[in-house]
Amino acid sequence: MSETEPRTLNFLEQIIEADIAAGKHGGRVGTRFPPEPNGYLHIGHAKSICLNSGLAREYKGTFFLRFDDTNPAKEETEYVESIIDDVKWISGDDLKDRIFFASDYFQQMYDWAEELIRKGKAYVCDQSPEQMKENRGTPSEPMKPSAGREFPPEKNLELFRQMRDGKFAEGERTLRAKIDLASPNFNMRDPVMYRIIKAEHHRTGAKWIIYPMYDWAHGLEDAIERITHSICTLEFEHHRPLYDWFLDQIDEFSKPGAYRPRQYEFARLNLTYTVMSKRKLLELVKGKFVSDWSDPRMPTICGLRRRGYTPESIRAFCKEIGVARMNSMIDVVKLENAIREDLNKRALRRMGVLKPVKLVIENYPEGQTEMLDAVNNPENEADGVRQVPFSKVLYIEQDDFLENAPKKYFRLTPGQEVRLRYAYYVKCTGCVKDDAGNVIEVRGTYDPETRGGSSPDGRKVQGTIHWVSAEHAVNAEVRLYDRLFTKENPDDPQDLKDYKEYLNPNSLEIVADAKLEPSLAQASPAEKFQFERIGYFCVDSVDSTPEKPVFNRTVSLRDSWAKVEKKG
RNA sequence: UACCUGGUAGUGUAACGGUAGCACAAGGGAUUUUGGUUCCCUUUGUCGGGGUUCGAAUCCCUGCCGGGUAACCA
């Protein structure tokens with residue numbers, strides 16, 4: 001898009017530009033991505049990462065990664081490491097000096113909690129979780145207050161310090177905000193600010209046994225980090241009044257002209273044929289439906305990376321789908337389109353056959369080998385040319401020969417001439433079958449005048465097929481991935497129990513005896529290839545060797561044979 | 001049920017009182033040493049009903065439909 005074209009702004013860009021114009025925060029923009037380290041990141045998180053880091057980049061602001069590690073019972077260092085890798089990879093940001101932890105602010109948050117208690121805005125409650133639930137009330141009935149609500153601040157302060165010092169058991173006491181017992185927004189009915197958790201925290205160890213709740217912590221974290229636009233998903237909409245209320249109670253953030261972050265919500269990403277809930281993804285791993293979190297069929301960021309997605313394609317996808325407050329379901333083909341478009345420009349083309357059958361060139365000299373030039377990438381001349389060996393016995397795709405072909409079948413069938421890409425024109429003379437009637441060898445003759453793939457007399461062929469010299473071929477394992485689910489919306493809450501029914505049993509097909517061009521033996525994990533007419537592949541670094549490389553399929557091209565069938 | 005929120009082609013997303021546009025999908029055609037790519041063309045839309053206005057996707061009222069929330073999770 002050129003600078004002169006009218007640029008359409010999404011609603012967040014409009015808000016930010018209005019804030020900059022009004023001189024809020026001195027025109028500065030600060031965003032953050034605040035995951036809890038309790039699982040692996042998936043494509044849904046990628047939307048948030050792209051949004052937050054993209055806005056910071058667009059308005060020359062700052063982007064932070066902040067771990068919202070306020071619940072030690074659920075969090076682990078393993079997740080911290082994977083999240084840092086994934087955020088760096090997706091955002092293309094080195095995150096240097098911009099990784100923070102909510103746990104680093106525990107003392108500051110504690111001090112502010114005492115401030116609220118002293119002001120009579122918070123109190124220690126002695127109700128059990130069950131009692132609290134019972135007393136919560138209904139939309140028409142207010143909450144029943146607990147005794148601590150009327151205690152003097154000094155007494156609550158003492159009780160709170162006892163909570164901190166371990167005088168109570170888990171669940172015995174909480175610190176609650178004194179707000180509104182009858183609010184129609186249940187989040188405002190005296191929400192819990194601190195609870196007792198006697199678990200080892202992955203960063204602070206046993207230092208704390210009281211931990212702040214999300215609502216109390218999040219706005220403070222944003223304020224400490226001078227976040228200007230705190231962007232979260234729609235389900236936090238009802239928490240916004242609380243977010244503001246807490247900041248209102250603290251002198252530092254409520255005095256006139258004080259610094260204030262604001263919360264804005266956007267609709268989370270839903271993708272067709274994709275499960276996005278962490279819980280269900282965990283079930284897929286635990287139930288061995290996939291190998292692990294980075295299985296290429298998983299919608300996790302590490303899974304997409306292993307599948308062959310590029311960060312550029314994911315960023316392009318996120319930009320394409322836009323951002324709004326309307327719940328939506330995005331067709332997964334949109335994501336596939338993004339990687340196809342990216343790879344089409346950069347993937348190196350290579351020849352390979354997945355299901356090989358021999359093609360013998362009857363009139364080609366026995367024992368002769370010649371090297372032929374092949375273009376690496378027709379989309380980019382700078383990628384140059386490589387040489388591929390040609391000989392009398394080749395492998396071609398089984399599907400590229402059909403004894404009784406329908407109309408519009410452009411490949412090998414007796415009497416028909418096709419082009420072997422970058423090599424010669426070959427006319428099919430027949431085939432050899434085994435006792436069961438299976439084709440075990442295709443036979444043909446070549447025209448020596450057509451070296452390189454064009455004929456001096458200008459005659460045309462309709463089909464161009466790929467091939468590999470049998471003697472020189474690399475044996476490879478190729479893993480073809482299909483959708484994990486057959487149901488359009490497996491994440492639908494109704495299907496919670498039985499979503500396993502919708503698993504696609506053919507989601508992984510391993511082709512063990514694929515034959516590839518010799519140059520692919522040295523392929524590295526960072527490289528992406530397109531096997532002519534089959535699809536885009538990347539090297540799977542796990543147990544891949546030069547003798548037998550392992551390739552993962554990224555996206556398939558259109559199924560050409562289905563097209564012929566449909567038309568014929 | 002209560003409260004909050006949203007409704008623009010098949011799917012997403014613009015238009016912010018003034019010509020309903022874009023992408024993907026679908027269909028057709030041209031080019032092609034990948035049945036890929038590229039290029040061109042076409043089909044399809046403002047949830048319903050009222051009102052305000054010269055003029056409404058946009059503002060108001062009302063109905064309908066969708067989503068969220070009612071954790072000592074985030």
Side-chain angles (χ1 to χ4, degrees), chain A residues 6-11 14 34-36 38 68-71 73-75 125 127-130 132-133 136-140 170-176 183-187 189 191-197 210-211 213-215 217-218 232-241 265 267-268 272 278 317 319-338 340-341 344-345 349 351 374-375 378-379 408-411 419-423 425 450 452-454 460-466 530-536 557-564 567:
Chain A
R7 201 164 61 105
T8 62
L9 301 179
N10 64 46
F11 81 100
Q14 290 179 20
E36 180 184 21
N38 68 346
D68 215 354
D69 53 349
T70 57
N71 185 353
K74 289 186 171 183
E75 298 153 8
C125 173
Q127 290 177 8
S128 68
E130 297 73 35
M132 213 179 275
K133 195 171 182 179
R136 199 178 321 277
T138 63
S140 52
E170 273 189 33
E172 233 179 344
R173 293 288 189 286
T174 56
L175 183 73
R176 293 229 255 161
S183 173
N185 180 352
F186 277 66
N187 291 309
R189 316 247 276 215
V192 172
M193 292 167 63
Y194 276 92
R195 77 287 212 197
I196 298 167
I197 301 175
I210 56 170
Y211 289 91
M213 296 286 289
Y214 166 86
D215 287 304
H218 206 88
C232 62
T233 48
L234 238 27
E235 67 267 26
F236 291 101
E237 210 170 0
H238 317 274
H239 296 248
R240 197 190 330 137
E265 308 88 16
R268 64 163 65 237
T272 57
K278 263 184 199 171
F317 167 74
K319 195 171 180 180
E320 273 262 301
I321 60 175
V323 56
R325 290 172 59 84
M326 185 175 73
N327 297 293
S328 61
M329 175 68 73
I330 302 217
D331 197 331
V332 74
V333 302
K334 192 109 178 169
L335 178 63
E336 292 170 352
N337 181 265
R340 197 182 285 126
E341 198 169 308
N344 177 51
K345 294 193 203 92
R349 272 58 170 176
M351 292 196 283
V375 173
E379 305 291 320
K408 294 197 174 178
Y409 182 78
F410 302 143
R411 290 165 266 174
R419 173 190 296 116
L420 296 179
R421 196 165 198 214
Y422 300 126
Y425 284 12
T450 57
S454 57
K460 300 276 185 215
V461 289
Q462 292 217 74
T464 300
I465 67 172
H466 51 129
Q530 189 193 96
F531 294 172
E532 311 276 356
R533 269 205 12 252
I534 303 173
Y536 294 95
L557 302 181
R558 280 178 206 170
D559 190 333
S560 54
W561 178 234
K563 216 172 183 178
V564 173
K567 284 192 178 173

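Reminder, nothing fancy here: chain letters follow the sequence lines and each chain counts from 1.
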Inset, instruction - Could you check which of rG6(B), rC73(B), rA14(B) has an atom nearest any side-chain atom of T8(A)? - result: rA14(B)

Legend entry - Electrostatic pair K74(A):E36(A) at N-O distance under 4.0 angstrom: no

Legend entry - Polar side-chain contact K74(A)-rA74(B) base: donor and acceptor under 3.5 Å: no

Inset, instruction - Give the rounded distance in Å between these two atoms: CE of M351(A) and P of rU34(B). - result: 12 Å

Inset, instruction - Compare all side-chain heavy atoms of H466(A) with those of I534(A) and state whether any distance is below 4.5 angstrom. - result: yes

Legend entry - Closest-nucleotide ordering on RNA chain B, the 5'-leading residue of H238(A) and I197(A): H238(A)

Legend entry - Integer angstrom distance from the P of rA15(B) to that of rC22(B): 15 Å

Inset, instruction - In whole angstrom, give me the gap between the P atoms of rG66(B) and rG50(B). - result: 23 Å

Inset, instruction - Pick base, sugar-phosphate or nothing for S454(A), based on heavy-atom distances below 4.0 Å to the nucleic acid. - result: base

Inset, instruction - Looking at every strand, decide which applies to V323(A) at a 4.0 Å heavy-atom threshold: base, sugar-phosphate, or nothing. - result: sugar-phosphate

Legend entry - rG17(B) and rC54(B), which share atom name C1', separated by this distance in whole Å: 12 Å

Inset, instruction - May I ask you to check whether N185(A) and H238(A) show a side-chain donor-acceptor distance below 3.5 Å? - result: no

Legend entry - Flag, side chain of R195(A) to backbone of T174(A), donor-acceptor distance under 3.5 Å: no

Inset, instruction - Give the intermediate values and the outcome of side chain to side chain contact (heavy atoms under 4.5 Å, CB included) for residues E265(A) and R240(A). - result: CA-CA 9 Å; E265(A) 308 88 16; R240(A) 197 190 330 137; 2.8 Å; yes

Inset, instruction - Remember a base hit wins even if backbone is also touched, and classify R325(A) as base, sugar-phosphate or nothing at under 4.0 Å, heavy atoms. - result: sugar-phosphate

Inset, instruction - May I ask you to say what T174(A) touches in the nucleic acid, namely base, sugar-phosphate or nothing, with a heavy-atom cut-off under 4.0 Å? - result: base

Legend entry - Identified stems (criterion: three or more consecutive Watson-Crick or G-U pairs, under 3.5 Å), RNA chain B: B:1-7 with B:64-70, B:10-13 with B:21-24, B:26-30 with B:38-42, B:47-51 with B:59-63

Inset, instruction - Compare the minimum distances between each of rA71(B), rG36(B), rG35(B) and the side chain of K408(A), then state the nucleotide with the smallest one. - result: rG35(B)

Legend entry - Per E235(A) side chain, nearest of listed nucleotides rG36(B), rG68(B), rG35(B): rG68(B)

Legend entry - Distance-only donor-acceptor test (3.5 Å): side chain R349(A), base rU34(B): yes

Legend entry - Rounded interatomic separation in angstrom, taking CE from M329(A) and P from rU13(B): 12 Å

Inset, instruction - Output the single nucleotide from rC72(B), rU13(B), rG6(B) whose closest atom is nearest the side chain of S328(A). - result: rU13(B)

Inset, instruction - Could you go through the side chain to side chain contact (heavy atoms under 4.5 Å, CB included) check for E320(A) and N337(A) one step at a time? - result: CA-CA 11 Å; E320(A) 273 262 301; N337(A) 181 265; 5.6 Å; no

Inset, instruction - Quickly work out the N337(A) CG to rU37(B) C1' distance and round it to whole Å. - result: 12 Å

Inset, instruction - Specify the separation, in whole Å, of atom CD of E130(A) and atom P of rC72(B). - result: 10 Å

Legend entry - Selection from rC24(B), rG66(B), rC72(B) that lies nearest to any side-chain heavy atom of V192(A): rC72(B)

Inset, instruction - Map N185(A) and F236(A) onto RNA chain B by nearest heavy atom, then report which one ends up closer to the 5' terminus. - result: N185(A)

Inset, instruction - Between rC41(B) and rC24(B), how far apart are the P atoms? Round to whole Å, please. - result: 14 Å

Inset, instruction - Check the distance between rA74(B)'s P and M193(A)'s CE and give it to me in whole angstrom. - result: 13 Å

Inset, instruction - To the nearest 0.5 angstrom, please state how far the CG atom of L175(A) sits from the CE atom of M193(A). - result: 5.0 Å

Inset, instruction - Give E170(A) one of three labels, base, sugar-phosphate or nothing, depending on what nucleic acid heavy atoms sit under 4.0 Å from its own. - result: nothing

Inset, instruction - Grab the NZ-P distance between K334(A) and rC22(B) for me, whole Å please. - result: 14 Å

Legend entry - N187(A) side chain, from C-beta outward: closest of rG35(B), rU69(B), rC16(B): rU69(B)

Legend entry - Distance, C1' atom - from rG21(B) to rA9(B), rounded to whole angstrom: 12 Å

Legend entry - Between rG18(B) and rU5(B) - C1' atom distance, rounded Å: 30 Å

Legend entry - Listed nucleotide nearest any side-chain atom of E36(A), set rU13(B), rC73(B), rG12(B): rC73(B)

Legend entry - Presence of donor-acceptor pair under 3.5 Å, side chain of Q530(A) and base of rU34(B): yes

Inset, instruction - Answer with base, sugar-phosphate or nothing: what part of the nucleic acid does D331(A) contact at a heavy-atom distance below 4.0 Å? - result: sugar-phosphate

Inset, instruction - Output yes when at least one side-chain N/O atom of Q462(A) is less than 4.0 Å from OP1 or OP2 of rU34(B), else no. - result: no

Inset, instruction - Give one of base, sugar-phosphate or nothing for N10(A), where a contact means two heavy atoms less than 4.0 Å apart. - result: sugar-phosphate

Inset, instruction - Assign E379(A) to base, sugar-phosphate, or nothing according to its heavy-atom contacts below 4.0 angstrom with the strands shown. - result: base

Inset, instruction - Determine the Euclidean distance between corresponding P atoms of rG68(B) and rA30(B); express it in Å to zero decimal places. - result: 48 Å

Inset, instruction - Look at all strands and tell whether H239(A) reaches a base, only sugar-phosphate, or nothing, counting heavy atoms closer than 4.0 Å. - result: base

Legend entry - rA74(B) OP1/OP2 closer than 4.0 Å to side-chain N/O of T70(A): yes

Inset, instruction - Determine the Euclidean distance between corresponding C1' atoms of rC59(B) and rU52(B); express it in Å to zero decimal places. - result: 8 Å

Legend entry - Pair of N/O donor and acceptor under 3.5 Å linking rG6(B) base with E237(A) side chain: no

Legend entry - R419(A) (side chain) donor-acceptor with G453(A) (main chain) under 3.5 angstrom: yes

Inset, instruction - Look at R195(A) and rC73(B) and indicate whether a side-chain polar atom (N or O) is within less than 4.0 Å of OP1 or OP2. - result: yes

Legend entry - Euclidean distance, atom CZ of residue F11(A) to atom P of rU13(B) [Å, nearest integer]: 11 Å

Legend entry - Audit row: L234(A), R325(A), side chain to side chain contact (heavy atoms under 4.5 Å, CB included) steps and yes/no: CA-CA 7 Å; L234(A) 238 27; R325(A) 290 172 59 84; 4.0 Å; yes

Legend entry - Proximal nucleotide (of rU37(B), rA70(B), rU69(B)) relative to the R136(A) side chain: rA70(B)

Legend entry - Options rC16(B), rG35(B), rA70(B), nucleotide nearest the side-chain atoms of Q14(A): rC16(B)

Legend entry - Spacing of NZ belonging to K133(A) relative to OG belonging to S128(A), to within rounding of 0.5 Å: 11.5 Å

Legend entry - Protein-nucleotide distance (H466(A), atom NE2; rG36(B), atom C1'), rounded to Å: 11 Å

Legend entry - R411(A) side chain to I465(A) backbone, donor-acceptor under 3.5 Å: no

